[in-house]
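In the text below, chain A, chain B and the rest are named by the order of the sequence lines, each starting its count at 1.
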2 protein chains.
Amino acid sequence: MPLPDFRESAGPLPCAGGKGNSIPEATVARLPIYHRVLTAMAEQGIITVSSEELATACGVTSAKLRKDLSYLGSYGTRGVGYEVEFLGYQIARELGLTSPWGVVVVGVGNLGRALVSYRGFASRGFRILGLFDSHPDVVGSTVAVVDRSFTVRPVEELAEVVADQGAHIGVITTPADAAQDIAERMVKAGLHSIVNFAPVVLNVPTDVEVRKVDLAVELQVLAFHEQRRKNPAGSVVTELDPQRSVSGDRKAMNA
Amino acid sequence: MPLPDFRESAGPLPCAGGKGNSIPEATVARLPIYHRVLTAMAEQGIITVSSEELATACGVTSAKLRKDLSYLGSYGTRGVGYEVEFLGYQIARELGLTSPWGVVVVGVGNLGRALVSYRGFASRGFRILGLFDSHPDVVGSTVAVVDRSFTVRPVEELAEVVADQGAHIGVITTPADAAQDIAERMVKAGLHSIVNFAPVVLNVPTDVEVRKVDLAVELQVLAFHEQRRKNPAGSVVTELDPQRSVSGDRKAMNA
DNA sequence: AAGGGCTCGTGCACGAATGCACAAAGTTGA
DNA sequence: TCAACTTTGTGCATTCGTGCACGAGCCCTT
């Protein structure tokens with residue numbers, strides 16, 4: 001209905017307008033991959049890399065890679081490619097990895113321990129500031145990481161640590177039924193970014209960003225495609241409800 | 001000598017196959033959430049639910065939910081809503097969860113143990129058929145799950161288990177440097193679906209689907225937005241390379 | 001039976017994301 | 001210096017995903 005009034009911005013390019021450079025979300029999600037591969041290449045002593053080489057190493061197409069990188073600026077050299085170390089630094093800077101972010105982890109089960117002992121944690125701009133749990137026989141125990149060791153603290157001290165040490169990111173590795181409570185504690189403590197490994201949908205204010213990691217979802221998506229592989233096309237609705245009448249025998253599934 | 005020339009099966013293969021009903025990939029990725037929430041509602045004795053209620057519980061908009069569900073068929077009742085149990089069953093059937101899929105897990109560190117002990121594993125149509133590791137002092141040990149316990153077997157026996165017991169999905173929870181080798185073993189054993197927790201890009205044939213779960217990526221995406229929260233707009237390029245000359249002082253970052 | 005109220009299903013339009021193809025810009029070699 | 005070659009950066013077209021708005025259909029009340 002409201003026919004879009006002609007925009008006066010001369011070019012159709014999306015970032016030209018008022019607010020500088022807005023990088024597409026899909027691009028942001030790929031930058032960490034580029035960064036990791038570039039780091040690996042730098043460690044192998046590779047000096048320059050073409051978009052074609054880097055793209056195949058990252059599992060994307062070269063056109064997509066070049067477009068992604070173009071949002072950061074013109075950091076390549078035509079006829080040559082990209083300087084590995086320089087480009088890696090630019091991506092790190094764009095992602096905000098040049099100064100470390102404080103991370104708190106709540107839930108010290110197997111999963112929590114696995115995350116804490118993950119190498120790439122510290123080496124990629126993140127610093128664990130505390131481990132928390134609510135279970136009495138876990139609180140007080142120590143978790144040894146490669147260079148440091150942490151004493152598990154009660155969740156009641158979460159806000160204190162966030163305030164004092166300036167944490168910015170919270171990781172939830174608790175069972176599902178505790179996750180919402182922990183999320184609310186994190187929000188109240190002042191965190192705006194949460195990674196949630198618990199299989200529940202968190203309810204948080206709109207200015208808090210939650211990223212969900214869920215094994216069950218991944219498995220089920222794969223199961224869907226595996227099933228498609230078996231049932232070539234539309235032979236799905238075979239034995240049940242052949243005419244798909246809406247209000248018909250929908251209780252038949254219990255039979 | 002340099003990096004192995006990766007060539008990942010980029011992107012989710014066009015699940016079309018024939019044509020008929022091809023569900024969009026974005027929808028497939030949300031179906032597991034709907035399924036989980038519906039299951040929880042059914043356990044609470046909820047009989048019917050409107051698209052608005054279900055959408056809020058799943059963290060999506062009602063329009064998106066209805067469009068997603070419309071790809072499966074017309075399973076709602078106008079003026080009323082959806083029957084919780086019935087809709088849950090239809091989603092489960094579409095995802096292929098009505099008969100369990102066999103899963104093998106390679107890499108029995110903290111992460112592997114965490115996944116195996118995950119409750120929702122068996123209850124959502126998946127059955128663990130074996131745990132594998134290459135480290136001698138892990139092989140032979142047992143991992144206790146709620147109802148069963150597994151003996152860790154050497155990776156050499158992977159193909160045998162896949163063939164004999166009919167596994168369909170492989171989960172990689174090894175360190176990064178072992179992941180590519182394990183992926184190749186899985187492919188050779190006949191698996192077409194892999195969930196990869198190791199922070200590397202896997203190189204597999206195009207008919208194998210890999211889903212990647214990566215903590216570092218999630219953290220870095222959050223870091224990006226945290227940084228944006230601080231640096232309101234374009235004050236990023238402050239101290240370094242103010243005029244952004246292409247071939248200029250790009251080594252300055254090392255200074 | 002008829003009308004009113006509620007909610008699903010979907011056509012349409014818009015924005016985001018991808019892929020293609022090529023000009024621009026740099027390097028190499030004579 | 002100039003021409004041939006290589007690779008980036010990007011305009012354009014196409015596909016994909018999302019949101020709005022409304023007709024269609026079901027239930028309930030009178």
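Computed from coordinates, the B:L87 CG to C:dC8 C1' distance equals 12 Å when rounded to whole Å. Per the geometry, CD belonging to A:E83 stands 14 Å off C1' belonging to C:dG26, to the nearest Å. Atoms CG (B:L72) and P (C:dG9) sit 10 Å apart, rounded to a whole Å. Distance CG (A:L65) to P (C:dT18): 12 Å, rounded to an integer number of Å. One atom, NZ of A:K67, and another, C1' of C:dA16, lie 12 Å apart when rounded to the nearest Å. For A:D68 and C:dG19, the CG to C1' distance is 13 Å, given to the nearest whole Å.
In this structure, the ring pair (Phe, Tyr, Trp, His ring centres under 6.0 Å) partners of B:H168, at least two apart in sequence or on a different chain, are B:W101.
If you look at A:Y75 and A:Y82, their ring centroids are not closer than 6.0 Å.
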The contact string for nucleotides 4-9 of chain D, one letter per nucleotide 5' to 3', using protein heavy atoms under 4.0 Å with B, S and - for base, sugar-phosphate only and none, comes out as --BBBB

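Closest to the side chain of A:K64, from the set C:dT18, C:dC20, D:dT18, is C:dT18.
Proximity of A:I194 to A:I169: side-chain heavy atoms (C-beta onward) are nowhere separated by under 4.5 Å. Looking only at side-chain heavy atoms (C-beta outward), A:L111 and B:Y118 stay at 4.5 Å or farther from each other.
Contact check on B:R229 versus A:D207 returns no salt bridge, with no Lys/Arg side-chain nitrogen under 4.0 Å from an Asp/Glu carboxylate oxygen.
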Stepwise salt bridge (Lys or Arg N to Asp or Glu O under 4.0 Å) test for B:D181 and B:R185:
CA-CA 6 Å; B:D181 172 60; B:R185 286 176 185 269; 3.2 Å; yes

